[in-house]
Enquirer: 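Sharing a structure below in C-alpha cells format, with a few things to ask.
Just the heavy atoms: all of them, side chains too, but no hydrogens, waters or symmetry mates, feed the values below. For ligands, and for the atoms within them, numbers begin at 1 and follow the listed sequence.
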Amino acid sequence: MIRHQTLNPPPHIYPVDEWKIIERSFYPRFLAQTETLFAIGNGYLGMRGNFEEGSPEVHTGTFINGFHETWPIIYGELAFGFAKTGQTMLNLPDGKRINLYVDDELFSLPSAKLLLFERTLDMRSGTLDREILWETPSGKQVLIESRRLVSLEYRHLAAISYQVTVLNAAATVVIASQLRGNQVNQISQGDPRQAPGFRNRVLQPEVHYLKDQRALLGYRTKESGMTLGCGIEHAVESSCPYTVELNCSEDCGEAVFLVDALAKKPFQIVKYLSYHSSADAHPQELCTRAERILGRALEQGFDELLSSQARYLDDFWSHSDVQITEVPVDSPRPPGETQQALRWNLFQILQASSRAEDTGIPAKGLSGQTYQGHYFWDTEIYLLPFLSYTAPRVARNLLLFRYSMLAQARLRAREVNQKGALFPWRTINGNEASAYYAAGTAQYHINADIIFALKKYVEVTGDNSLLYNEGAEMLVETARLWADLGFYSERKGGKFCIHGVTGPDEYNTVVNNNTYTNLMARMNLNYAAKTIATLRDTYPDLFETLVYRTALDPDEIGEWQAAAESMYIPFDEKLGIYPQDDNFLDREVWDLKRTPQDKFPLFLYYHPLVIYRHQVIKQADIVLAMFLLGNEFSAEQKGDNFRYYDPLTTGDSSLSACIQSIVAAEIGDREKSEKYARYAVLMDLADIGGNVKDGCHIASMGGTWMVAVYGFGGMRDYDGALSFNPRLPDTVRSLRFALQVQGRNLEVELTAVKATYLLKKGMELAISHQGELIALLPGIPAVMAIR
Ligand code: BGC
C-alpha cells in the first residue's frame with residue numbers, strides 16, 4: 001500500500017537504456033533527485049551528482065564512509081542507559097568544483113543558452129559523463145565534455161576529465177579547478193530521518209599548502225577527533241597556450257588555468273582527487289598519503305584509470321548481473337525499464353559496499369546524509385544475501401566489521417543491564433546512536449539479524465574459519481544476551497518469553513513476545529549451541545581460546561538449548577495466524593482506506609502513541625519472518641498470515657515491498673507479487689518513497705536482488721540446502737542470474753516453462769528443483785521443466 005506518486009520521468013528526457021541512466025536535457029525540476037541518481041562512489045568515498053560548476057545545487061555532497069562527528073544527545077528528560085552520543089557522517093571538502101569562464105562570461109547552467117545537454121551514468125564504464133554545447137551571449141559555441149569517476153580499484157582516488165572546445169572562434173578561457181572546504185551539512189527540515197545539522201563549524205583546518213600543481217587541505221573534527229587529508233592535482237592536454245596560477249587558503253585550494261583557446265582546439269584538464277581519513281593520524285600525514293596517490297595517478301594517466309574501472313566492473317557484472325527480458329506488451333512502460341532499474345540497484349550496492357573495508361554500509365550508501373550515515377540491520381538482512389552469493393570478500397569484511405564492534409556491544413549490554421552483548425541498533429563508531437529507544441535500542445533483534453547473516457554467509461561460502469573464530473565469539477555473546485533477556489513464564493505454561501522489545505515493525509514498539517524476535521532469537525540460540533558444541537568436540541584448541549576470551553561456562557550451551565526449545569511463539573488458533581506480538585490483535589485496526597494520501601508516511605503526521613495503539617504496520621515483520629525462516633511455517637500458515645498482515649501494512653519503510661513481493665510469490669498471489677516487485681525495483685528511479693532526493697535506499701536495492709532470486713527464481717536456502725521453485729511473472733520472458741556457492745559458480749536461467757542450471761566451475765553440487773533432487777556436474781547443464 002505505497003501511496004506516493006512516482007516521478008514519472010518524461011521518456012524523451014530520461015530514455016531507457018539497459019546499462020545507463022541518461023538525462024537528455026537540463027531538467028532542474030528533478031535536480032534534488034538526480035543529485036542522488038547520478039551519485040558515484042566506491043564504498044569508501046562517495047560524491048553526489050552535483051554539477052562541476054556548482055549552481056544549481058540542492059545538497060552538494062562528498063562523503064567518506066564512517067568519517068563522522070560526534071555530539072551530545074540532549075534529552076528533555078534523561079533516563080538511565082539512554083544513548084549519550086550522536087554520530088553524523090560529515091560533508092567533506094568539495095573537490096568536484098570547476099568554474100568556467102569564456103571571455104569573462106561565467107558558465108552557469110541555470111542561465112546559459114544550451115544547444116545540447118546530455119548526462120549519462122554508465123554502469124559498465126563506471127563514469128558519470130556529460131556533454132554540453134553552450135552558446136555564449138556573444139555567439140561563441142563552447143563544447144564542454146566531462147567525465148567523472150570514483151575509482152573502484154584505488155579506494156582513495158577520484159578523477160574528473162574536463163574538456164573545453166570553443167568551436168567557432170578563438171576565446172579567452174579560464175578554468176578554475178577548486179577544492180572547497182567548509183561545506184554545509186544536511187539540516188533536518190522536520191523529517192526525523194534527515195541529519196540534524198551543526199550550529200558551528202565542524203572541520204577545523206590544520207594544514208593547507210601547495211606543491212607543484214597540487215593543493216592540499218588537512219582537517220580535524222572538533223569532537224570525534226577524526227582527521228582528514230585531501231588534495232587535488234592536475235594534468236593538461238592541449239595545443240592551446242595557457243598559464244596556470246595556484247592559490248591555497250584554509251578552505252580553498254585552486255588551480256586556475258588561463259587559456260588562449262584556439263578555435264576547435266580542445267583544452268583538457270584531468271583533475272585527480274584524493275581523500276584520506278583516520279581516527280587519529282595527523283592531517284599532514286594524511287595529506288602526504290594523498291600526495292602519493294595523486295602522484296601515482298598522474299603518472300599512470302586517466303586512460304589507465306578508465307581501463308581499471310571498466311575491468312573492475314566487468315568482473316562485478318560477471319558475478320552479479322541479473323538479466324531480465326520482458327514479454328513485449330502494449331503498455332506505456334518503456335521496454336528495458338525493469339532491466340535498467342535492476343542493474344542500477346545492483347550498481348548502487350557496489351558503489352556503497354565494494355571498498356567499505358573497515359566500515360559498514362550506511363542506509364543511504366554514500367549518496368546523502370539522511371540517517372546520518374548510520375549502519376543498521378539493513379546490511380545484514382537486506383544486503384548480505386546478495387553479497388554472500390556474489391561478492392564473498394565484501395560480505396566477509398562486513399561481518400568482520402561487526403565483530404570489531406563486539407567489545408562495545410558487551411559494554412552496551414551492561415548499560416542496559418544485560419549479560420552478553422547487544423549490538424547497536426544504529427551506529428557508525430560501534431556505540432549506540434539511537435536517541436529514541438522505543439524504535440531504536442529496543443530492536444534487540446539486531447543481534448539475531450547479525451547471526452542470521454553470519455549463518456547464511458557460512459553456509460554459502462563454507463568459510464568455517466570465520467565461524468569458528470570471530471563468529472563463535474559473537475555467537476556466545478548474542479546467545480547470552482537472549483538467555484538473560486528472556487524468562488520462563490508460568491502464565492505462558494513455563495515457556496521462554498522475551499518482553500519489552502521492538503520488532504522490525506516500528507509502528508508497534510516495546511511489546512511482549514514479538515514473534516519475529518522470538519523466532520530469530522531461537523535461531524540464534526540454536527546456532528550458538530550447535531556451533532559451540534562442535535567446537536568443543538572437534539576443535540579443542542579453538543574451544544579453549546573461546547573459553548578464555550568469553551569466560552564461557554560449558555553449562556551455558558545447555559541453557560541456550562533449553563531456552564530455544566521452550567521459546568514461546570504466539571499463535572492465535574481462532575484466526576490461524578501468528579500475532580505480531582502478545583497484544584497486537586487486541587488493538588484497534590487503523591482505517592487505512594480512509595487515511596488521506598497526504599498523511600503518509602504516518603510517522604510524519606501522527607503522534608507515536610496514536611500509531612502504537614492501532615493495528616497498523618510500517619514494514620514487513622511476520623511476513624519477513626516467513627521469508628527468512630520460511631521452513632518454520634506451513635504453506636497454509638504463510639497464506640493466512642500474509643492475507644491478514646498485508647492489508648495492515650503501509651509500506652512507510654522502503655524495506656517492506658521487496659519482502660512482500662517474495663512472500664506473495666510464494667503463496668501464489670501473482671498480482672501482489674508483481675505490484676510489490678515493481679515498487680521495490682523502482683523505489684529510487686521512480687522515487688516511490690518520495691525521498692530519493694535525500695539519498696538512495698540501499699536496503700531495498702538488496703531487496704530487489706532477493707525479489708529476482710528468491711521471489712521469481714523461487715530459490716530457498718534453508719540451512720544451506722539450495723532449492724528452486726521458479727515462478728516468473730507473466731510479464732517476464734526470461735531471467736538469468738549467477739551464484740557463487742562454496743567456491744562453485746552456478747548459473748541459473750529461467751523461462752516460464754523451463755529452468756537451466758549450469759555449474760560453470762567447481763565440484764558436483766546438489767540442488768533441488770520443484771522437489772526433485774539434481775546432482776549438478778560441472779559443464780553439464782541440467783534442463784528441467786517448470787510445472
Ligand atoms: C526502518 C528501519 C531501517 C531504517 C534504515 C527505517 O525507516 O524502519 O528498519 O533500518 O529505516 O533504513
Enquirer: Starting from atom 2 (C) of ligand 1, find the nearest protein heavy-atom neighbour and note its residue, name and distance.
Expert: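 That would be Glu506 OE2, 3.6 Å.
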Enquirer: Using side chain to side chain donor-acceptor pair (under 3.5 Å) as the criterion, list what pairs up with Tyr437, not counting sequence neighbours.
Expert: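 Checked Tyr437 against side chain to side chain donor-acceptor pair (under 3.5 Å); zero matches.
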Enquirer: What class does the angle between the rings of Tyr710 and Phe627 fall in, given that below 30° is parallel, 30 to 60° is tilted and above 60° is perpendicular?
Expert: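 Perpendicular, since the angle between the ring planes exceeds 60°.
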Enquirer: For atom 11 (O) of ligand 1, grab the closest protein heavy atom and report residue, atom and distance to one decimal in Å.
Expert: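 For atom 11 (O) of ligand 1, the nearest protein heavy atom comes out as Tyr371 OH, 3.0 Å.
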Enquirer: Indicate, as side chain, backbone, both or neither, the part of Asp652 found under 4.0 angstrom from ligand 1 when only non-hydrogen atoms are considered.
Expert: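 Neither; nothing of Asp652 gets under 4.0 Å from ligand 1.
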Enquirer: What part of Lys618, side chain, backbone, both or neither, has a heavy atom within less than 4.0 angstrom of ligand 1?
Expert: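 Side chain only.
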Enquirer: In ligand 1, which numbered atoms sit nearer than 4.0 Å to a non-hydrogen atom of Leu655?
Expert: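 That gives atoms 3 (C), 9 (O), 12 (O) of ligand 1.
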Enquirer: Inspect the contact between Arg643 and Asp640 and indicate whether a charged nitrogen and a carboxylate oxygen are less than 4.0 angstrom apart.
Expert: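 Looking at Asp640 and Arg643, the cut-off is met.
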Enquirer: Please list all pairs passing the ring-ring contact (aromatic ring centres under 6.0 Å, His included) test where one or both residues lie in residues 341-374, with sequence neighbours left out.
Expert: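 Only Tyr371-Phe376 qualify under ring-ring contact (aromatic ring centres under 6.0 Å, His included).
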Enquirer: To check your reading of the model: name the closest protein heavy atom to atom 5 (C) of ligand 1, its residue, and the distance in Å.
Expert: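 Its nearest protein heavy-atom neighbour is Asp378 OD2, 3.3 Å.
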Enquirer: Measure the acute angle between the ring planes of Trp377 and Trp425, then classify it against the limits of 30° and 60° as parallel, tilted or perpendicular.
Expert: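 Correct class here is tilted.
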Enquirer: Give the atoms of ligand 1, by number and element, whose distance to some non-hydrogen atom of Trp377 is under 4.0 Å.
Expert: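 Counting from 1, the qualifying ligand atoms are 2 (C), 3 (C), 9 (O), 10 (O).
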Enquirer: Ala363 heavy atoms, cut-off 4.0 Å: which ligand 1 atoms fall inside?
Expert: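 Counting atoms of ligand 1 from 1, those under 4.0 Å from Ala363 are 5 (C), 12 (O).
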Enquirer: Which residue supplies the protein heavy atom nearest to atom 8 (O) of ligand 1, what is that atom called, and how far is it?
Expert: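 The closest heavy atom on the protein side is Gln619 OE1, 2.6 Å.
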Enquirer: Less than 4.5 Å apart, side chain to side chain, heavy atoms only: is that true for His59 and Lys693?
Expert: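 Contact flag for His59/Lys693 side chains = no.
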Enquirer: Would you say the ring centers of Tyr389 and Phe737 fall short of 6.0 Å from each other?
Expert: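 Ring centroids of Tyr389 and Phe737 are no less than 6.0 Å from each other.
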